[in-house]
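Below is one structure, written out as structure tokens, with a few remarks after it.
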Amino acid sequence: MTKIVVTGAAGNIAYSLLWRIAAGDVFGDEPVDLTLLEIPDAVRAAEGTAMELADSALPLVNSIEVTDDATKAFDGAEAAFLVGAKPRGKGESRADMLAANGKIFIGQGEAINNGAADNVRVLVVGNPANTNAYIASKAAPDVPKDRFNALMRLDHNRAQSMLADRVGCPSRSIERLVVWGNHSDTQFPDITYATADGKPVEVDHEWYTGEFIPRVAKRGAEIINVRGKSSAASAASAAVDHMRDWVQGTGERWATVALPSTGEYGVDVGLVFGFPAVSDGSWQVVEGLELSDDQRTRIDANIEALREEAAIADKLF
Ligand code: NAD
Ligand code: LMR
């Protein structure tokens, strides 16, 4: 039995994510105990979500609990999706969300520190995701840092899909992509090592730097403008991909994972940074890639942006 916590359970992402978890898309055929954490004002709406989940009669669901008590929610948790946070509106940056959302991750980090299972895996989705994961990890000093990840798989999936469209193949043919850095406009979707059906990808340089990189980086804002709301089903799907790969492994296939740096590629220790990684149940950053001056410059811009966010986050403690 696996105890899984989803925060922001009454929200848009959770409305998609909970069903994917309950269908076995993350943990396989393992029965799950689901805990839905919300703020007091949204507990009733989360109860409605729980009622619908129950009405789905999904065979892997062992129990569903709704609570506004973080201590109770994280007690014994083996996996936590930290989704609950305010989404940005039109014209806002994800970093603007730090003031509104940062403190949430102190309380939840403390509750994880005090009660979660030793093998807990925490995936932060709420924005600004990288720095919120940094905050949660800082608030949980007894939990190994590598247990805190942030979601950059959505950026990876966006890049994979756009590149596949450009070269005329299905998304699944594209491998060895990475989105370095921060889940923000500075992120660097990097196709230097990318392959399509095992062969190196060749694209027009102007398209790569002038269209592809900025479009992937700004795709969240594009969705907000077109849809009128922040991405939800695609974010849930990416969270499923991330946690499934973490738990079940990737083999040789690269994923983009934002995780606390231990100094790889010159990134400050502790900053939660998007790297190429493979998993055999725990993530290992793909090391030893040679970087051009252009790659280095783009990666350094992300280090700088995350340093600035971390300095603001440190003041919340
Ligand atoms: P939403 O507004 O629909 O739902 C958020 C829910 O979180 C609300 O029900 C709210 O009551 C709840 N909440 C707020 N504070 C909480 C707390 N302390 N504990 C528990 N629940 C709490 O928003 P959404 O569309 O589901 O998005 C959630 C977050 O995910 C936003 O910050 C959004 O920007 C972010 N996001 C990240 C990515 C990514 O790739 N990292 C992608 C999409 C969205
Ligand atoms: C996304 O990338 O879709 C989310 O982070 C939402 C946003 O604010 O862009």
Side-chain angles (χ1 to χ4, degrees), residues 5-18 35-50 66-74 80-112 123-133 135-136 139 149-159 179 181-187 189 215-243 256-258 272 274:
V5 181
V6 175
T7 76
N12 284 304
I13 294 175
Y15 199 63
S16 177
L17 177 62
L18 284 161
T35 298
L36 281 52
L37 180 67
E38 257 298 349
I39 53 171
D41 282 352
V43 160
R44 184 152 172 80
E47 279 167 355
T49 301
V66 179
T67 182
D68 59 8
D69 180 341
T71 303
K72 194 170 153 198
F74 291 111
F81 295 84
L82 305 190
V83 180
K86 188 175 171 297
R88 64 173 165 158
K90 284 186 190 178
E92 289 178 304
S93 80
R94 297 187 187 100
D96 291 339
M97 297 293 100
L98 192 49
N101 292 336
K103 283 211 167 112
I104 295 172
F105 296 85
I106 297 181
Q108 293 181 357
E110 286 168 352
I112 289 166
L123 176 59
V124 176
V125 176
N127 277 322
N130 300 53
T131 297
N132 288 337
I135 292 169
N149 290 183
L151 184 68
M152 284 187 65
R153 184 62 171 266
L154 179 55
D155 308 295
H156 182 109
N157 288 351
R158 288 166 170 165
V179 183
N182 195 9
H183 177 62
S184 73
D185 290 2
T186 58
Q187 68 181 247
R215 189 149 190 224
V216 173
K218 294 181 183 154
R219 183 66 160 184
E222 189 181 353
I223 298 284
I224 291 169
N225 280 329
V226 175
R227 191 174 174 263
K229 284 192 278 199
S230 165
S231 64
S234 58
S237 195
V240 164
D241 289 344
H242 181 130
M243 190 66 88
T256 294
V257 183
V272 176

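Worth saying up front: this structure is predicted, and the values here are computed from it rather than measured. In listed order, ligands and their atoms are each counted from 1.
- At least one heavy atom of S230 sits closer than 4.0 Å to an atom of ligand 1.
- Here atom 6 (C) of ligand 2 lies nearest to S230 when heavy atoms of A129, S230, P128 are compared.
- Between the choices T67, D68, T7, V83, the shortest heavy-atom distance to atom 28 (C) of ligand 1 belongs to V83.
- Contacts between I223 and ligand 2 below 4.0 angstrom, taking non-hydrogen atoms only, are absent altogether.
- Between I13 and ligand 1, an N or O atom pair is found at a separation short of 3.5 Å.
- Formation of a donor-acceptor pair under 3.5 Å by the E38 side chain with backbone atoms of A10 is found in this model.
- Residue A85 holds the heavy atom nearest to atom 5 (C) of ligand 1 of all those in A85, A129, A236, A150.
- For the ligand labelled ligand 1, residue H183 lies inside the 4.0 Å heavy-atom shell.
- Under the 4.0 angstrom criterion for non-hydrogen atoms, D155 is not in contact with ligand 2.
- Residue H183 has at least one heavy-atom neighbour below 4.0 Å for each of these atoms of ligand 2: 1 (C), 2 (O), 4 (C), 5 (O).
- Only the side chain of L154 comes within contact range of ligand 1, with a heavy atom under 4.0 Å; no backbone atom does.
- Closest approach of A133 to N149, counting heavy atoms only: CB-O, 3.9 Å.
- If you look at P87 next to ligand 1, the close heavy atoms, those under 4.0 Å, come from the backbone and the side chain alike.
- A donor-acceptor contact closer than 3.5 angstrom links the side chains of N157 and D241.
- Atom CZ of R153 is separated from atom NE2 of H183 by 14.5 Å, given to the nearest 0.5 angstrom.
- The shell of residues lying under 4.0 angstrom from ligand 1, judged by heavy atoms, includes Q108.
- Heavy-atom proximity to atom 1 (C) of ligand 2, evaluated over R88, K86, R158, is greatest for R158.
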